[in-house]
Amino acid sequence: MGERNEQEAVIEEANWLTLPNDIQKPGDGFDAVICLGNSFAHLPDFKGDQSDQKLALRNIASMVKPGGILIIDHRNYDAILETGEAPKGKNIYYKSDLTRDINTSVLYVNNKPHMVTLDYTVQVPNKDSDEQPDVSTFRLSYYPHRVDAFTELLKNAFQGKCQHNLYGDFKPYKTDQGYVPCYFIHVVKKTG
């Protein structure tokens, strides 16, 4: 086996809205900033103008060095808002074959979707395989980012100095494809 040359990885956690104050940026920035698991959609839009999302994305973009990348995702809220339910398919982040049901509700404010709430019902396997699985329920609420609008937010956060690639469930995505992904993954390379 050949010798490996590994660099020390730096993993940081901070508040997106106060990121420059919370983390000391190394040199020109990080090689990669990763925000996955639909976590960004948990940032609410209490003001109704997405100013907090815009600020958070500018702060995140400021942490990426030129030539570095941001990987950020969100559920396919386009499909949820169009059909009233989460897309069917294998979830890329959790064991979705244990999901019995996902009930979807959408809160509209001034005729715009403001929050999507998903009520999950999942089976919890018992250690003794002879017994019926337990059932667990929980609720999560999200800001419903539409893919085109979120792409624009990202490009604006990088002041247009970026290359953007879009993936659906980590596969190259094109809007005219037949497959409806559960998640959109944006990979943004900072060019300037």
Side-chain angles (χ1 to χ4, degrees), residues 2-45 47 49-82 86-87 89-94 113 116 142-192:
E3 197 174 309
R4 293 174 61 180
N5 181 10
E6 296 182 20
Q7 293 181 352
E8 186 176 321
V10 176
I11 299 173
E12 299 279 358
E13 294 179 33
N15 181 329
W16 299 318
L17 298 176
T18 57
L19 197 56
N21 299 326
D22 297 347
I23 293 180
Q24 183 176 353
K25 182 169 64 171
D28 289 339
F30 292 95
D31 294 323
V33 175
I34 301 169
C35 184
L36 294 175
N38 194 45
S39 58
F40 193 78
H42 286 279
L43 181 61
D45 183 23
K47 300 172 190 167
D49 60 3
Q50 289 194 289
S51 59
D52 284 343
Q53 285 91 348
K54 292 172 185 175
L55 172 61
L57 288 172
R58 281 193 311 271
N59 287 343
I60 291 169
S62 77
M63 294 288 142
V64 179
K65 74 177 189 179
I69 60 169
L70 165 64
I71 304 172
I72 189 168
D73 74 345
H74 56 84
R75 277 189 166 274
N76 185 346
Y77 292 108
D78 292 72
I80 291 171
L81 294 171
E82 290 165 15
K90 180 100 175 120
N91 192 293
I92 59 174
Y93 291 118
Y94 60 86
V116 167
Y142 313 98
Y143 182 84
H145 293 287
R146 289 189 174 266
V147 70
D148 290 340
F150 194 73
T151 299
E152 284 306 308
L153 285 175
L154 288 169
K155 289 179 179 178
N156 288 337
F158 282 87
Q159 300 175 346
K161 298 175 182 173
C162 63
Q163 295 172 341
H164 176 270
N165 290 301
L166 182 64
Y167 298 86
D169 296 339
F170 290 104
K171 299 172 190 161
Y173 179 79
K174 296 198 183 307
T175 55
D176 58 351
Q177 71 183 35
Y179 171 71
V180 178
C182 294
Y183 290 85
F184 287 115
I185 299 91
H186 302 258
V187 178
V188 185
K189 181 177 182 179
K190 190 174 199 174
T191 58

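Every heavy atom of this structure was used, including side-chain atoms; hydrogens, water molecules and symmetry mates were not. Numbering starts at 1 and runs along the sequence shown.
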Quiz prompt | Check against side chain to side chain contact (heavy atoms under 4.5 Å, CB included), D148 and D78 | solution = CA-CA 9 Å; D148 290 340; D78 292 72; 5.8 Å; no
Self-check item: Closest heavy-atom pair and its distance - S62, K25
Solution: O-NZ, 3.0 Å
Quiz item: Are K54 and N156 close enough that some pair of their side-chain heavy atoms sits under 4.5 Å apart?
Solution: no
Quiz item: Which heavy atom in G168 sits nearest to a heavy atom in Y179, and how many Å separate them?
Solution: O-CE2, 4.3 Å
Quiz item: Just by distance, do the side chain of K190 and the backbone of F158 share a donor-acceptor pair under 3.5 Å?
Solution: no
Self-check item: Straight-line distance of M63 CE to D22 CG, nearest 0.5 Å
Solution: 8.5 Å
Quiz item: From L154 CG over to F40 CZ, what is the distance, rounded to the nearest 0.5 angstrom?
Solution: 8.0 Å
Practice problem: Can you see which heavy atom on V64 is nearest to which on V33, and at what distance? | Solution: CG2-CG2, 3.7 Å
Practice problem: Decide yes or no for V147 and H186: does some side-chain heavy atom of the first lie under 4.5 Å from some side-chain heavy atom of the second? | Solution: yes
Self-check item: Donor-acceptor pair, side chain of N59 and main chain of L17, under 3.5 angstrom
Solution: yes
Self-check item: Smallest separation among heavy atoms of C35 and W16, with atom names
Solution: SG-CZ2, 3.7 Å
Quiz item: Counting distance only, does the side-chain N/O of D169 pair as donor-acceptor with the main-chain N or O of P181 below 3.5 Å?
Solution: no
Practice problem: Kindly give the heavy-atom pair with the smallest separation between V180 and P87, and that separation in Å. | Solution: CG1-CB, 4.0 Å
Practice problem: Any chance you could measure I34, atom CD1, to I69, atom CD1, to the nearest 0.5 Å? | Solution: 7.0 Å
Exercise. Could you give me the CA-CA distance, side-chain angles and deciding distance for F150 and I72, then say whether side chain to side chain contact (heavy atoms under 4.5 Å, CB included) is met?
Key: CA-CA 10 Å; F150 194 73; I72 189 168; 3.9 Å; yes
Self-check item: Side-chain (D73) to main-chain (N38) donor-acceptor, under 3.5 angstrom
Solution: yes
Quiz prompt | Student check: side-chain heavy atoms of H74 and Y142 closer than 4.5 Å | solution = no
Quiz item: R146 and E82: side chain to side chain contact (heavy atoms under 4.5 Å, CB included), yes or no, with the steps?
Solution: CA-CA 11 Å; R146 289 189 174 266; E82 290 165 15; 4.0 Å; yes
Quiz item: Do I80 and P144 come close enough that some side-chain heavy atom pair is under 4.5 Å?
Solution: no
Exercise. Answer yes or no: is there a side-chain heavy-atom contact under 4.5 Å between Y173 and N76?
Key: no
Quiz item: Side chains of K47 and Q53: closer than 4.5 Å at any heavy-atom pair?
Solution: no
Quiz prompt | Minimum heavy-atom distance between L166 and H164, given as atom pair plus value | solution = CB-CE1, 3.9 Å
Quiz item: Between atom CD1 of I185 and atom NZ of K171, what is the distance when rounded to the nearest 0.5 Å?
Solution: 10.0 Å
Quiz item: Are the side chains of L36 and Y183 in touch, meaning some heavy atoms are under 4.5 Å apart?
Solution: no
